[in-house]
Amino acid sequence: MGTLIPARTLKGFRDYLPQMMIPRERIMEIARRVYRSYGFVPIDTPALEYLEILAGKGSEETDKQLYRFQDHGGRWVALRFDLTVPAARFTAQHLNELGTPFKRYHIAPVWRGENTQRGRYREFVQCDFDTIGTHSLTSDIETTLVIHDLLRAIGFREFTIRINNRRVLNGLLERLGLSDRAVLILRALDKWGKIGSEGVKRELEEVAGLTAEQAAEVLRLTEIHGDMDEVLSRAERLVQGSAVGEEGVAELREVVRGAVAGGVARECLIVDLAIARGLDYYTGTIYETFLAALPGIGSVCSGGRYDNLAALFTTQPLPGVGASLGLDRLLAAMEELGMLEAVSTTAPVFIVFFDHQHRDDYLRLAAQLRTAGLAVELYPEPKKLAQQLKYADRRGHRVAILIGEDEFRKGVCQVKDLKAGTQSEVPLDPQCSALIEHLQRLLG
RNA sequence: GUGGCUGUAGCUCAGCUGGUUAGAGCACCAGACUGUGGAUCUGGGUGUCGCGGGUUCGAAUCCCGUCAGCCACCCCA
């Protein structure tokens with residue numbers, strides 16, 4: 001008798017049980033459907049890349065979080081920490097076959113060796129979509145529309161897409177002569193929602209070394225709230241004199257107007273001059289999306305515009321814009337909000353197994369129903385009826401079909417609605433057309 | 001990565017300052033009910049007290065280490 005190996009998973013890595021995997025796949029399917037409805041096309045890339053492809057591409061922080069090691073051939077390799085850098089490499093490598101603008105989506109796991117927390121894992125799935133190879137703000141607008149459609153399709157009504165433009169921030173900092181400290185300032189500013197004006201002011205002065213007057217100027221960004229048009233005009237005054245800043249405000253105005261014209265509900269869209277996060281490569285529009293019911297979990301869909309994604313891989317400039325839905329974080333939120341139905345079956349129809357003599361009949365019936373597009377599970381053995389029904393009920397099957405000796409003799413079947421508890425007798429013709437019709441009506 | 005909290009049954013937890021065979025509710029399994037689930041009743045504990053070591057006559061309880069989860073920082077999806 002050997003020693004058992006403890007069954008366990010690594011910190012930040014998880015198993016997915018059916019009741020988790022079913023909604024997970026459902027959301028991935030929704031994301032695919034929404035992306036495709038805008039003409040985005042799927043791609044995939046390897047999980048593992050040459051280290052030099054990934055190292056130093058995000059921020060200092062993502063560099064630290066990079067899983068890296070030598071492979072069996074002595075090559076230095078790393079697991080991708082996002083899908084954007086691999087997309088840059090991919091686009092540079094296949095540019096001639098792709099042509100621009102290139103709209104791709106990519107749903108795949110990424111890895112970051114950081115400390116874990118609720119909604120924060122070391123392996124998680126991102127659902128990216130990007131439009132590469134165009135400067136047009138139409139694509140920024142479309143990105144907003146996709147985020148909006150996506151969250152609505154998943155079932156959210158109350159969420160806010162916070163939108164800003166890096167140029168607005170850069171313009172303001174330029175005007176204040178603080179461009180060299182942009183990173184520190186944006187980092188401090190970004191904490192506003194958490195530590196408040198006083199906290200940000202302190203950090204601006206102590207960490208970024210701003211004077212009290214400069215800090216106050218920067219903080220004015222956070223004081224601008226309310227109506228979008230009002231926010232935009234005030235932003236305009238704030239950056240007055242800076243060409244970059246004025247350009248940023250103009251872009252922001254155009255994107256917001258376009259998004260509303262394209263169908264984004266006004267209450268879902270907020271111009272928030274204080275959002276600054278995102279990886280260092282963003283240069284224009286930036287997006288963050290928060291759930292009204294659970295803002296604490298962080299942004300569930302972030303992104304932005306970058307001027308030159310693939311500068312390190314090709315001399316050809318490749319601007320682009322896109323965003324990424326954090327599937328695992330979103331699911332953690334939905335679980336906390338009780339939005340996940342406890343279903344652990346993928347087949348709405350359940351066939352009770354009465355009698356071994358009739359196995360072929362059950363198999364034939366199941367096949368006919370599947371041909372009609374219905375997902376059907378046949379219980380594998382003639383256990384007690386009560387147990388089979390209990391099993392079907394627990395799993396979340398919607399209807400059970402009962403055919404025993406009596407039914408076979410009469411040429412009918414019992415169709416039991418497991419949710420309503422009602423049952424009706426349906427004739428069994430050779431094509432099962434009456435049954436199929438009945439089931440389709442029952443299942444909507 | 002830094003600091004803190006937690007870890008007892010499938011789940012939520014109780015188990016006082018160390019003391020005999022480790023408990024509750026829910027869930028689960030079996031039966032009452034060999035053709036009707038969610039209800040009721042009866043029966044069943046389903047457990048390496050996360051793991052390893054130490055202190056002790058004796059450890060779920062105290063100490064150290066480790067693994068994991070959570071919280072804050074950091075950063076981010």
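Chain letters run A, B, ... following the sequence lines, proteins first and then strands; every chain starts at 1. These values consider heavy atoms only, across backbone and side chains, with no hydrogens, waters or symmetry-generated copies.
As rounded to whole Å, 16 Å separates atom P of G1(B) from atom CG of D63(A). If you take CZ of R120(A) and C1' of C74(B), they are 8 Å apart, rounded to a whole angstrom. Across the protein-nucleic acid pair, E114(A) atom CD and G1(B) atom P stand 11 Å apart, rounded to whole Å. Rounded to whole Å, atom C1' of C76(B) lies 13 Å from atom NZ of K191(A). What separates CG of L325(A) from C1' of C76(B) is a distance of 14 Å, to the nearest Å. Rounded to whole Å, the distance from CG on L186(A) to C1' on C75(B) is 15 Å. We find that CD of E288(A) is positioned 13 Å from P of C75(B), with the value rounded to whole Å. Whole-Å rounding puts the I297(A) CD1 to C71(B) C1' distance at 13 Å.
For the P atoms, the distance linking G38(B) with A32(B) amounts to 14 Å, nearest Å. G65(B) and C28(B): their C1' atoms are spaced 36 Å apart (whole Å). When the C1' atom is used for both G45(B) and C26(B), the distance is 14 Å, rounded to whole Å. Rounded to a whole angstrom, the distance from the P atom of G7(B) to that of C33(B) is 46 Å. Straight-line distance between the P atoms of A60(B) and G54(B): roughly 14 Å, to the nearest whole Å. If you take atom C1' in G43(B) and the same atom in C49(B), they sit 26 Å apart, rounded to whole Å. Spacing between G44(B) and U61(B) at atom P, rounded to whole Å, works out to 30 Å. Using atom P as the reference point in both U34(B) and C71(B), the two lie 49 Å apart (nearest Å).
The side-chain hydrogen bond (donor to acceptor under 3.5 Å, both in side chains) analysis of residues 262-274 of chain A, with sequence neighbours excluded, yields the pairs R162(A)-D272(A).
For the side-chain hydrogen bond (donor to acceptor under 3.5 Å, both in side chains) test, residues two or more places apart in sequence or in another chain that qualify with E174(A) are S242(A). Among residues two or more places apart in sequence or in another chain, the ring pair (Phe, Tyr, Trp, His ring centres under 6.0 Å) test is passed with Y105(A) by Y35(A). T346(A) pairs by the side-chain hydrogen bond (donor to acceptor under 3.5 Å, both in side chains) definition with nothing, not counting sequence neighbours. Residues passing the salt bridge (Lys or Arg N to Asp or Glu O under 4.0 Å) test with R157(A), sequence neighbours excluded: none.
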Under 3.5 Å between N/O atoms: give me all the protein pairs with nucleotides 3-11 of chain B, atom names plus distance.
none

Between protein and nucleotides 64-69 of chain B, what N or O pairs are separated by less than 3.5 Å?
from, atom 1, to, atom 2, distance (Å)
A68(B), OP1, K11(A), N, 3.1
G69(B), OP1, G12(A), N, 2.9

Extract from the structure each pairing of a protein N or O with an N or O of nucleotides 47-50 of chain B at less than 3.5 Å, listing the distance.
none

Expected list for residues 402-410 of chain A: side-chain donor-acceptor pairs under 3.5 angstrom, two or more places apart:
from, atom 1, to, atom 2, distance (Å)
E405(A), OE2, H358(A), NE2, 2.9
D406(A), OD1, R409(A), NH2, 3.1
E407(A), OE1, G404(A), N, 2.9
E407(A), OE2, Q414(A), NE2, 3.4
K410(A), NZ, E425(A), OE1, 3.3
K410(A), NZ, E425(A), OE2, 3.3

Identify every side-chain donor-acceptor pair in residues 373-380 of chain A under 3.5 Å, counting partners at least two apart or on other chains, and give the distances.
from, atom 1, to, atom 2, distance (Å)
E377(A), OE1, H397(A), NE2, 3.4
E377(A), OE2, Y391(A), OH, 2.8

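Taking a cutoff of 4.0 Å between a charged side-chain nitrogen and a carboxylate oxygen, E203(A) and K191(A) qualify as a salt bridge. Looking at E49(A) and R80(A), no side-chain N of the basic residue comes within less than 4.0 Å of a carboxylate O on the acidic one, giving no salt bridge. Between R120(A) and D328(A), no side-chain nitrogen of the basic residue sits less than 4.0 Å from a carboxylate oxygen of the acidic one, so the salt-bridge criterion is not met. Of the charged side-chain nitrogens involved, none lies within less than 4.0 Å of a carboxylate oxygen, so that D130(A) and K103(A) do not count as a salt-bridged pair. Between R33(A) and E29(A) no salt bridge is recorded (no basic side-chain N to carboxylate O distance below 4.0 Å). Between R220(A) and E217(A) there is a salt bridge, since at least one side-chain N of the basic residue sits less than 4.0 Å from a carboxylate O of the acidic one.
Residue contacts shown for G119(A) include a base, since a base heavy atom lies under 4.0 Å away.
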- Item | Stepwise ring pair (Phe, Tyr, Trp, His ring centres under 6.0 Å) test for Y362(A) and F353(A) | CA-CA 7 Å; Y362(A) 297 133; F353(A) 197 131; 5.3 Å; yes

- Message: Run R364(A) and Q368(A) through side chain to side chain donor-acceptor pair (under 3.5 Å) and show every step you take.
- Response: CA-CA 6 Å; R364(A) 224 172 349 252; Q368(A) 279 177 306; over 6 Å; no

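In this structure, M28(A) CE and C127(A) SG are separated by 7.0 Å, a value rounded to the nearest 0.5 Å.
Remark: R24(A) qualifies as a cation-pi partner of Y16(A) under the 6.0 Å distance and 45° angle criteria applied to the six-membered ring.
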- Quick one: the dot-bracket string of RNA chain B, using Watson-Crick and G-U wobble pairs with both distances under 3.5 Å, [ ] for crossing pairs and | for bases paired to another strand. (((((((..((((.....[...))))((((((.......))))).)...(((((..]....))))))))))))....

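Applying the 4.0 Å criterion to OP1 and OP2 of C76(B), one finds that R329(A) has every side-chain N and O outside that range.
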- Note on the structure: Heavy-atom contacts, protein to nucleotides 26-39 of chain B, under 4.0 Å, summarised as B (base), S (sugar-phosphate only) or - (none) per nt, yield --SSSS--SBBBB-

